[in-house]
2 protein chains.
Amino acid sequence: MSHGFASYAEAPIDDFVSRVEEGMAALPKQEAKVAQYFLLNLNSISFETGKSIAQKAGVAEITVGRMLRRFGCAGMKEFKAMMRHRYSVTGESLADDSAELPSDWQEQMTAELRAVSTVYAKINTPAFQAAERYLGEAEEVYVTGFQTVRGLAEDTARRLALARPRVRFLSGHDSMLSEWLDPPAAGGSCLLIIDVIPYAAECETLARMAREQGRDVVVITDEYCHWAHEVTDAVINTPSKTGLFLESLLGLTAATSLLIHATANATGRDMDARMRDWKRLAQRIGIF
Amino acid sequence: MSHGFASYAEAPIDDFVSRVEEGMAALPKQEAKVAQYFLLNLNSISFETGKSIAQKAGVAEITVGRMLRRFGCAGMKEFKAMMRHRYSVTGESLADDSAELPSDWQEQMTAELRAVSTVYAKINTPAFQAAERYLGEAEEVYVTGFQTVRGLAEDTARRLALARPRVRFLSGHDSMLSEWLDPPAAGGSCLLIIDVIPYAAECETLARMAREQGRDVVVITDEYCHWAHEVTDAVINTPSKTGLFLESLLGLTAATSLLIHATANATGRDMDARMRDWKRLAQRIGIF
DNA sequence: CGTCAAATGTTAGTTTTCTGTCATTGGGAG
DNA sequence: CTCCCAATGACAGAAAACTAACATTTGACG
């Protein structure tokens, strides 16, 4: 497969896929499952039958056909024809790339995907909504994280700072916490901690200290965290166990993205103006 | 998953194929045609049906079935089942949790999941393997990244340093590149760049400079990157477009994880010992 | 709380694919 | 030339995939 994104002669199948991508949001629940299955398994879909897809997606067979129809494809039959046609034209199998994936990598990938979807599933939990509220309403936000997630914490601080004012990365070690000599801002203060196994001792201390000073605390962590729930209700646990050499960051990353997004969309902020201002600033500094 | 990811689980289908290859010579004329068609078109066979194969091979439909039977496969039906089993894995599990999501999140999530699976699909591409090789074989590795991915680059450097020796984060701005005053290490030097839109001007410059000094370059970037392909063959493009407030980091994060994992598993490293040493060091410093 | 429309599933029918039975072919041994 | 047996195909029946029509459920809205 060539470099992927650039250019495909627009076969009807590609056209169809993009229609599905766009239309996904407007889909009813069950059909959305089917669409998701299609998009995630495009390269192995040719091995499937309508029925088998239905089973794996957990819907009735006919729903598969209906979904296809909705996007202007006359059922499984025509869909397969499109696939075949695309193959005969480009001469390359959609399956080629991932076909050779050893099965343990497949498992690995499935685990990662599951981790991400687990995080998304938490959007409506009280914990997530508490986190959203703290981050949205506080006058100032501190972000911190150590060891293998320090970078993630820094990025999160940077990105969050685009979404709302007064965000600072807090480096306990280096600044000796001079930031907290003064009492929290009047409008409320919030600390966002990212911590994973092996938990940095500082995190818990920092969190408790924050609470004592009257700050809200949000914790993004892995599934084993022992201390966070005692300190705050805004704890987001994400799966991190993997077969890889190190723990996975995907779940954590997804969680931060969602929180940032939620904060950006919080009421009373004009994001467009904010982004414009930011771009103007960035231009002047000439970093691009 | 243990350290070796060389374990291509021997699926029944592979077994079947090798039996066919061996038995080819002893086959009657018509069946030989069929067998040949199978072997030559293994990757498009999923689009075919017993009938269509028969037509293209110029034999009767039943002969196809007979040929399969001869090699211990109970007909087209079982053959397809074997193929399906071999190739389709992902998705069943995701369907359940995601059911309750509001549909706009659903779309968002699917996009993210697809980004990750796209990255995994690239494991076997030449570009990925080149990256793997550079990172595994170089005597020293520098990692860099700016703006919203600087943190990711730093984390990557830290994690990569657990997998192999002599990894440093390179901060062009701050160190004024003093690291590169001296010529590259004798065993080879490698620069890993993470860069996304809006591309930092420094990245391209840095990459070209590295090449001039005889260093290998690996680039992890988004789908729009314009400069990387001119500089090196080890470019990993990951989808980053999302409906969120900012671009997605998931694809990039997945890519770094895979590269780190691959490096850790590169031949000639005793990862267990390395991890033990590291834990001992960490204990003494008392960071946990 | 009821109504209505969209969504989804169920059942049954149609088409396609697959396979079992039997007839035909074709080449080699006597 | 005839007989024999493997090879092959034709046909029909079985099974599966697919679809259409109807029934049930769900959820929004008044």
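Values in this document were obtained by computation on a predicted structure and should not be read as measured data.
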Please give, in whole Å, the distance from [N] [atom2] to [X] [atom1]?
X: A/Ile53; N: D/dA16; atom1: CD1; atom2: P; result: 18 Å
X: B/Met76; N: D/dA17; atom1: CE; atom2: P; result: 14 Å
X: A/Gln55; N: C/dG9; atom1: CD; atom2: P; result: 13 Å
X: A/Arg66; N: D/dA17; atom1: CZ; atom2: P; result: 19 Å
X: A/Lys77; N: D/dC18; atom1: NZ; atom2: P; result: 8 Å
X: A/Lys51; N: C/dT11; atom1: NZ; atom2: C1'; result: 13 Å
X: A/Glu61; N: C/dG13; atom1: CD; atom2: P; result: 17 Å
X: B/Phe79; N: C/dT17; atom1: CZ; atom2: P; result: 17 Å

Candidate nucleotides [options], ranked by approach to the side chain of [X] - the nearest:
X: B/Val59; options: D/dC18, D/dT8, D/dG9; value: D/dG9
X: A/Gln30; options: C/dT8, D/dT8, D/dA17; value: C/dT8
X: A/Arg70; options: D/dT8, C/dA7, C/dC18; value: C/dA7
X: B/Thr63; options: D/dT8, C/dG9, C/dC18; value: D/dT8
X: B/Arg69; options: D/dG27, D/dA7, C/dG20; value: C/dG20

I'd like to know if [X] and [Y] make a salt bridge, using a cut-off of under 4.0 Å between side-chain N and carboxylate O.
X: A/Arg70; Y: A/Glu31; value: yes
X: A/Glu247; Y: A/Lys241; value: no
X: B/Glu61; Y: B/Arg66; value: no

* Mind checking whether A/Arg215 and A/Cys190 have side chains closer than 4.5 Å, heavy atoms only? ->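 No, their side chains stay 4.5 Å or more apart.
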So [X], base contact, sugar-phosphate only, or nothing? Heavy-atom distance under 4.0 Å.
X: A/Gly65; answer: nothing
X: B/Glu31; answer: sugar-phosphate
X: A/Ala74; answer: sugar-phosphate

* Phosphate-side-chain proximity, B/Thr49 and C/dC18, N/O vs OP1/OP2 below 4.0 Å ->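 Yes, because at least one side-chain N or O of B/Thr49 sits under 4.0 Å from OP1 or OP2 of C/dC18.
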* Please tell me which of B/Ser52 and B/Lys29 maps to the more 5' nucleotide of DNA chain C, matching each residue to the nucleotide holding its nearest heavy atom. =>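 Residue closer to the 5' terminus by nearest nucleotide: B/Ser52.
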* To do: Select from B/Ile62 and B/Ala26 the residue whose nearest nucleotide in DNA chain D is closer to the 5' end of that strand.
  =>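 Mapping each residue to its closest nucleotide by heavy atoms, the 5'-most match is B/Ala26.
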* To do: Taking all heavy atoms of B/Ser44 and all of B/Glu48, pick out the closest pair and write down the distance.
  =>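 Answer, listing the atom of B/Ser44 first, then B/Glu48: O-CG, 3.7 Å.
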